[in-house]
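Remember, predicted model here, so these are calculated numbers, not experimental data.
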Amino acid sequence: MTLETLSSGIDTVWVVLSAAMILLMEGGFALLEAGFVRYKNSVNIIMKVFADITIGTLLFYAVGFGLMYGSDAGGFAGVTGFFLNGDLSHIDVPVSLETFWLFQAAFTIAVISIVSGAVAERINFRAYLLYIILMTAIIYPIGGHWAWGGGWLSELGMQDFAGSAVIHALGGFSALAAAIIIGPRKGKYTPHGVSAIALPSNLPLASVGAFLLWFGWFGFNAGSTLSATDARIGHIALVTMLSAASGGAVTLLYTLFRFKRSDAPSVINGSLAGLVGITAGCAFVGDVAAIFIGAVSGLLMMAATNWLDRRQIDDPVGAFPVHAASGMWGTIAVGLFATDGGLFMGGGWRLLGVQALGLAALVIWGFVMTWLGLKLIGKMVPVRSTEEEEELGLDISYHGVMAAHQAHEFLDGEEHIRAFQRDPSDRIR
């Protein structure tokens, strides 16, 4: 065995394990969102996550990867690599093409899960399945090509190491468009514009989901090196931890002194905001800058949450505040604090300008394409659940089962099905 073969094998193991950590984040999304929404919609959250993984993976394999990493056509999209066929010799990574695809597929699934949270409790499940096709096959891959696949933003020199802009800001603005089109949950806002409090069904469950996301983020950021021998891995892990801790700490202290209590959902989302904020610059900024980035991310998350309420835009899990607001800041922060080219590090204005341009292009692309896509989907199936389905709960309405049961006896299967066909609410009687 040569040294080169050994190094390649270690890199492959590292990237596969990192991809697995990112895939485990889907469990984090499921628990976080299920804990934040009302109990009657928990199964629907789980089913959307499984749809993300299953349908999204297949579509990224068939179409998305080629559009994202295929041979560049005019800086807009790739034109080879569909079904992992065609000329992909231009991809220069230290691992095999199959290993690289797996890592990128895990990223793709994370993007669609951002949108899932913003439309929780009221999106038509069939419409959501159609939107998965749009996001994983077109919206995210083309935006990713611009910045990562040899497109026009990568030619300009945009720096987004693990995706504050490409994944989180794009996904967050897609989530915003979806939330606006679908509208708020019934009863969320009073006729006078006051926001009603929707109590989370299970905060311990949500916190476990947040910790799983935090764990997976080390694969998200450090795994983006694509090499186990990359000397930056330790530093990337360090700044990831510092930024997450800073985002959580600042929201804990802010809510404690502002409201005389430390608000658990805010602290959970503040930590996640810190993770989002550092994702773009984890390989480019120093320790102190990471702490500052995380702190600002947490405060921006709080400000964005208040902005949504003033606009009566319903986002049950805080997808836009966590991913879009923090992702935008994290992208701009690279232009300010990057040790090589950052404005505050003596690098001038160029990198900051490129970061701002790339950010604007990606969020506009995500917002507009989601808006148009959902309008098109709405011509085929209703985008929103009916009032009756929402009132009953999407678990029973779309999946015919509740999250938990206390039945002590077996049920007559045929009678159970007949009752559900007559009236879905019979399933819970």
Side-chain angles (χ1 to χ4, degrees), residues 28-46 48 114-123 172 175-176 178-210 213 247-248 250-273 298-326 384-397 402-404 428:
F29 277 115
L31 296 179
L32 178 78
E33 294 175 19
F36 273 158
V37 303
R38 289 171 292 179
Y39 182 74
K40 61 184 178 180
N41 298 305
S42 299
V43 175
N44 183 248
I45 293 293
I46 296 168
K48 286 193 295 181
I114 294 171
V115 181
S116 168
V119 296
E121 301 199 282
R122 75 266 197 213
I123 192 170
L176 177 65
I180 292 173
I181 287 178
I182 292 175
R185 290 166 289 176
K186 182 182 178 182
K188 171 61 178 173
Y189 297 101
T190 69
H192 303 290
V194 178
S195 175
I197 297 175
L199 294 175
S201 63
N202 194 324
L203 275 178
L205 197 71
S207 69
V208 173
L213 289 168
V250 75
T251 48
L252 188 155
L253 295 173
Y254 176 84
T255 56
L256 180 62
F257 286 99
R258 173 79 184 273
F259 307 114
K260 307 304 179 184
R261 57 181 174 81
S262 54
D263 183 65
S266 296
V267 176
I268 289 172
N269 277 346
S271 298
L272 296 177
L299 294 175
L300 285 175
M301 182 277 299
M302 297 288 293
T305 301
N306 293 332
W307 179 81
L308 288 178
D309 262 349
R310 290 196 301 271
R311 295 282 182 175
Q312 296 190 24
I313 300 172
D314 190 11
D315 183 352
V317 305
F320 177 81
V322 169
H323 297 279
S326 304
R384 179 165 180 150
S385 59
T386 66
E387 286 192 12
E388 293 78 12
E389 290 169 341
E390 186 177 341
E391 184 69 25
L392 182 61
L394 303 190
D395 291 359
I396 293 294
S397 298
M402 296 180 66
I428 59 175

What distance separates [X] [atom1] from [Y] [atom2], expressed to the nearest 0.5 Å?
{"X": "F36", "Y": "L31", "atom1": "CZ", "atom2": "CG", "value": "12.0 Å"}
{"X": "D395", "Y": "N44", "atom1": "CG", "atom2": "CG", "value": "6.5 Å"}
{"X": "K40", "Y": "E121", "atom1": "NZ", "atom2": "CD", "value": "7.5 Å"}
{"X": "L392", "Y": "E387", "atom1": "CG", "atom2": "CD", "value": "13.5 Å"}
{"X": "K186", "Y": "R384", "atom1": "NZ", "atom2": "CZ", "value": "10.0 Å"}
{"X": "Q312", "Y": "T190", "atom1": "CD", "atom2": "OG1", "value": "7.5 Å"}

Please give me the minimum heavy-atom distance between [X] and [Y], naming the atom from each residue.
{"X": "S385", "Y": "E390", "result": "OG-CB, 3.9 Å"}
{"X": "P200", "Y": "G35", "result": "CB-O, 3.4 Å"}
{"X": "S42", "Y": "A403", "result": "CB-CB, 4.0 Å"}
{"X": "A120", "Y": "I45", "result": "CB-CD1, 3.8 Å"}
{"X": "I182", "Y": "V119", "result": "CD1-CG1, 3.5 Å"}
{"X": "H323", "Y": "G172", "result": "CB-CA, 4.3 Å"}

Do [X] and [Y] have side chains that get closer than 4.5 Å, going by heavy atoms?
{"X": "Y39", "Y": "N202", "value": "no"}
{"X": "M302", "Y": "S266", "value": "yes"}
{"X": "M402", "Y": "I396", "value": "yes"}
{"X": "R122", "Y": "P316", "value": "yes"}
{"X": "F320", "Y": "I313", "value": "no"}
{"X": "T251", "Y": "N269", "value": "no"}

Inset, instruction - Please say whether more than 12 non-hydrogen atoms of neighbouring residues, nucleotides or ligands are located less than 6.0 Å from CZ in F259. - result: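 Enclosed.
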Legend entry - Backbone N/O of D263 and side chain of T255: donor-acceptor pair under 3.5 Å: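 Yes.
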Inset, instruction - Would you check if the side chain of S207 reaches a backbone N or O of I268 as a donor-acceptor pair within less than 3.5 Å? - result: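 Side chain of S207 to backbone of I268, a donor-acceptor pair under 3.5 Å: no, none is there.
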Legend entry - salt bridge (Lys or Arg N to Asp or Glu O under 4.0 Å) contacts touching residues 304-319 (sequence neighbours left out):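 Applying salt bridge (Lys or Arg N to Asp or Glu O under 4.0 Å) to every pair that reaches into residues 304-319, excluding sequence neighbours, yields R185-D314.
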Legend entry - Among L213, V322, V317, the one residue meeting side-chain contact (heavy atoms from CB on, under 4.5 Å) with L32: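 By the side-chain contact (heavy atoms from CB on, under 4.5 Å) criterion, L32 pairs with just one of L213, V322, V317: L213.
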